[in-house]
**Student:** 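Dropping a structure here in structure tokens format, bear with me for questions.
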Amino acid sequence: MAERTKVMVEFYSEEPLENVMAMIKYRPEKIIFLGHKDNMITKRINDLKDFRDSKCPDTELEFIEVPKDDLNGAIDILTDIMRENPGVRFELTGGSELILIALGCIAARMNISKLRIDPFTGKEIDIRGDQVVTSDYHFNISIAEDIILHGGVLTGQTGSFSDWKFTDEFREDIRVMWDICKAYRGNWNKHCATIDELRKNTQNQKEGWVEIYKNPLGEAINLLRDLEKEGLIKDYSESNKRVSFRFKNNMIRKVIGKAGNILELHVYEVATRDSYVFTDAVIGAHIDWDGEIHDYAHPGYDTMNEIDVILMKNVCPIFISCKSGKAGGHALHELETVTRKFGGKYARKALILAKACDNTTGTMYFKQRAKDMKIWIIDDVFRLSDEQLFNKLKRI
């Protein structure tokens, strides 16, 4: 860990990640944020404090407003800070032109310690007098911390916290189910929907068992037989009128109960095999927009979004939407909105499609729209090997 710095000055940025890079690395005793009244608003200040409480609880934060059109006033504020805090360091990643010009005026006649950290490239430039040293920045934040920094919170409904336990056995089950899904292609969704609907509508079932009528199953019975061969359903039996079985566990039941789950699970499972590439990952991310969870004790209305998979590379998140069927413009706009809110300009976004995109006019317009929005399209995942998918995820 880098040596503890006493006081640092951050030029407040509207890009939340730029405000915390020095905090994460140097964990100073105190950070003084300098900004203007119109952008250093109370909600964003509280978001920074919440992030500090999670990541660097021992760091004190102070916020000082600088007049927007008063260069001499800005110079006076900077001079006072330097006089009161010998050895203070200035982090230059964000901030307005006025404050940067004010610092430049002072730096022309004084030796000031300055640094800049680029969240995307991980490069740090340290400037002391005429000495410039460039180094690599190797520090991480979690996805939950990233959401807090941007004013929201990951709720307990997030799949990584509630639905899925990624044991070695479940990872193998995902690989097996994905192989079955690839064999059925579009019929996987149709058969899963048929099985789940019949399961829910059949009355008087024994606890832990599924007993459904055989005729309405149609070709979906072949999927049940394949699941039984792989041990994903147990105690399977067929009579003239009915079939009965038990799911191997509740996670398998959830996969069959919502057909699109298998693509999300496949993407997550492939992405997280090598922990050295992505530093954090969640699946089925439920995000509360304002960070205030309402319940019976705290009534109110929550604005929520769900993102299928979020991967983290050091401090830069990748928001991923998975579609096993058709995807339209709404999917692009929803992904863009959530990424902009909870990732900012350093985030990446991708739409992953199980099927291949065709060459129709509508599809070409859709792909161009995605390109204009800087959304990666990874299509035809049914035909991609695990290695090919992993390499595409790394390229994002």
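Predicted, not measured: the structure shown is a model, and the values here were computed from it. The residues of the chain are indexed from 1 along the displayed sequence.
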**Student:** For the residue pair Tyr268 and Phe166, is the inter-centroid distance of their aromatic rings smaller than 6.0 Å?
**Tutor:**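 Yes, they do, as the ring centres are separated by less than 6.0 Å.
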
**Student:** For a quick test of reading the model, state the closest non-hydrogen atom pair linking Pro119 to Ile117 and the distance between them.
**Tutor:**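 The answer is CD-O, 3.3 Å.
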
**Student:** Does CG in Asp69 sit with more than 12 non-hydrogen atoms of other residues, nucleotides or ligands closer than 6.0 Å?
**Tutor:**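 Open: at most 12 neighbouring heavy atoms sit under 6.0 Å from CG of Asp69.
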
**Student:** For Ser96 and His36, work out which heavy atoms get closest and say how close.
**Tutor:** OG-NE2, 2.8 Å

**Student:** Cation-pi check for Phe390 against Arg273: NZ or CZ below 6.0 Å from the six-membered ring centre and within 45 degrees of the axis, yes or no?
**Tutor:** no

**Student:** Would a distance-only check, ignoring hydrogens and angles, find a side-chain to backbone donor-acceptor pair under 3.5 Å from Lys43 to Ile41?
**Tutor:** no

**Student:** Is the backbone N or O of Lys55 less than 3.5 Å from a side-chain atom of Arg27, with the two atoms forming a donor-acceptor pair by type?
**Tutor:** yes

**Student:** Minimum heavy-atom separation for Phe278 and Ala271, please, with both atom names.
**Tutor:** CD1-O, 3.4 Å

**Student:** For side-chain hydrogen bond (donor to acceptor under 3.5 Å, both in side chains), just list the numbers for Thr155 and Asp288, CA-CA rounded to whole Å, side-chain angles, deciding distance to a tenth of an Å, and then say yes or no.
**Tutor:** CA-CA 7 Å; Thr155 77; Asp288 181 274; over 6 Å; no

**Student:** Just by modelled atom types, is the Ile221 backbone N or O under 3.5 Å from a matching donor or acceptor in the Lys214 side chain?
**Tutor:**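 No; zero donor-acceptor contacts below 3.5 Å.
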
**Student:** Does the Thr363 side chain pair with the main chain of Asn359, one donor and one acceptor, at a distance under 3.5 Å?
**Tutor:** no

**Student:** In Å and rounded to the nearest 0.5 Å, what is the CZ to CG distance from Arg44 to Asn39?
**Tutor:** 7.0 Å

**Student:** Is the count of non-hydrogen atoms from other residues, nucleotides or ligands lying under 6.0 Å from Lys182 atom NZ greater than 12?
**Tutor:** yes

**Student:** Ignoring hydrogens and angles, tell me if any N or O in the side chain of Arg52 forms a donor-acceptor pair with the backbone of Thr59 under 3.5 Å.
**Tutor:**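 Yes, the answer is positive, given that a donor and an acceptor are paired below the 3.5 Å cut-off.
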
**Student:** Heavy atoms only: give me the nearest Leu198-Pro216 pair and the separation to one decimal.
**Tutor:**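 Smallest interatomic distance, heavy atoms only, reads CD2-CB, 3.8 Å.
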
**Student:** For the residue pair Phe170 and Trp164, does the interplanar ring angle fall in the parallel (under 30°), tilted (30 to 60°) or perpendicular (over 60°) class?
**Tutor:**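 Correct class here is parallel.
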
**Student:** Please round to the nearest 0.5 Å and tell me the distance separating atom CD1 of Ile252 and atom CD1 of Ile233.
**Tutor:** 10.5 Å

**Student:** Could you measure the distance from the CG atom of Asp163 to the CG atom of Asn250? Nearest 0.5 Å is fine.
**Tutor:** 10.0 Å

**Student:** I'd like to know if the side chain of Ser321 and the backbone of Leu351 have a donor-acceptor N/O pair within less than 3.5 Å.
**Tutor:**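 No: the side chain of Ser321 does not pair with the backbone of Leu351.
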
**Student:** Give a yes or no answer on whether the side chain of Asp173 reaches the backbone of Leu232 with a donor-acceptor pair at less than 3.5 Å.
**Tutor:**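 Here the side-chain-to-backbone pair does not exist.
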
**Student:** Could you give the distance from CG (Asn187) to CG (Asn222), rounded to the nearest 0.5 Å?
**Tutor:**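 Nearest 0.5 Å value for the CG-CG distance: 10.0 Å.
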
**Student:** How about CZ on Arg242, more than 12 heavy atoms from neighbouring residues, nucleotides or ligands closer than 6.0 Å, or not?
**Tutor:** yes

**Student:** Just how far is it from atom SG of Cys192 to atom CD of Glu197, taken to the nearest 0.5 Å?
**Tutor:** 13.0 Å

**Student:** Charged N to carboxylate O below 4.0 Å: is that the case for Asp80 and Arg83?
**Tutor:**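 A salt bridge links Asp80 with Arg83.
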
**Student:** Quick one: sort the Tyr12 and Phe33 rings into parallel, tilted or perpendicular, breaks at 30° and 60°.
**Tutor:**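 Rings of Tyr12 and Phe33: perpendicular, over 60°.
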
**Student:** To the nearest 0.5 Å, how far apart are CG in Leu223 and CE in Met177?
**Tutor:** 10.5 Å

**Student:** Using 4.0 Å as the upper bound for N to carboxylate O, is an ion pair formed by Lys248 and Glu169?
**Tutor:**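 So Glu169 pairs with Lys248 through a salt bridge.
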
**Student:** Taking Asp380 first and then Lys355, would you say they form a salt bridge - that is, a charged N and a carboxylate O separated by under 4.0 Å?
**Tutor:**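 Looking at Lys355 together with Asp380, the answer is no, because their closest N to O distance does not fall below 4.0 Å.
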
**Student:** Checking the side chain of Thr279 only, and the main-chain atoms of Asn314 only, is there a donor and an acceptor separated by less than 3.5 Å?
**Tutor:**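 Present.
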
**Student:** Between Glu18 and Lys345, does at least one N-O distance fall below 4.0 Å, as a salt bridge requires?
**Tutor:** yes

**Student:** Using modelled atom types and a 3.5 Å cut-off, is there a donor and acceptor pairing between side-chain atoms of Asp50 and backbone atoms of Ile148?
**Tutor:** no

**Student:** For the rings on Trp178 and Phe382, is their centre-to-centre separation under 6.0 Å?
**Tutor:** yes

**Student:** Looking at Glu211 and Lys206, does any basic side-chain N land under 4.0 Å from a carboxylate oxygen?
**Tutor:**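 Looking at Lys206 together with Glu211, the answer is no, because their closest N to O distance does not fall below 4.0 Å.
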
**Student:** Would you mind checking if Lys190 and Glu219 are paired as a salt bridge, meaning a charged N to carboxylate O distance below 4.0 Å?
**Tutor:**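 Salt bridge: no.
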
**Student:** Would you say the side-chain atoms of Glu124 pair up with the backbone N or O of Asp126, donor to acceptor, closer than 3.5 Å?
**Tutor:** no

**Student:** Looking at Arg175 and Asp179, does any basic side-chain N land under 4.0 Å from a carboxylate oxygen?
**Tutor:**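 Asp179 and Arg175: not salt-bridged.
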
**Student:** Quick check: closest heavy atoms across Ile141 and Leu17, and the distance to 0.1 Å?
**Tutor:**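 Looking at all heavy atoms of both residues, the shortest contact is CD1-CD1, 4.2 Å.
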
**Student:** Mind checking whether Phe120 and Tyr346 have ring centres under 6.0 Å apart?
**Tutor:** no

**Student:** Please check if atom CG in Asp168 has more than 12 non-hydrogen atoms from other residues, nucleotides or ligands closer than 6.0 Å.
**Tutor:** no

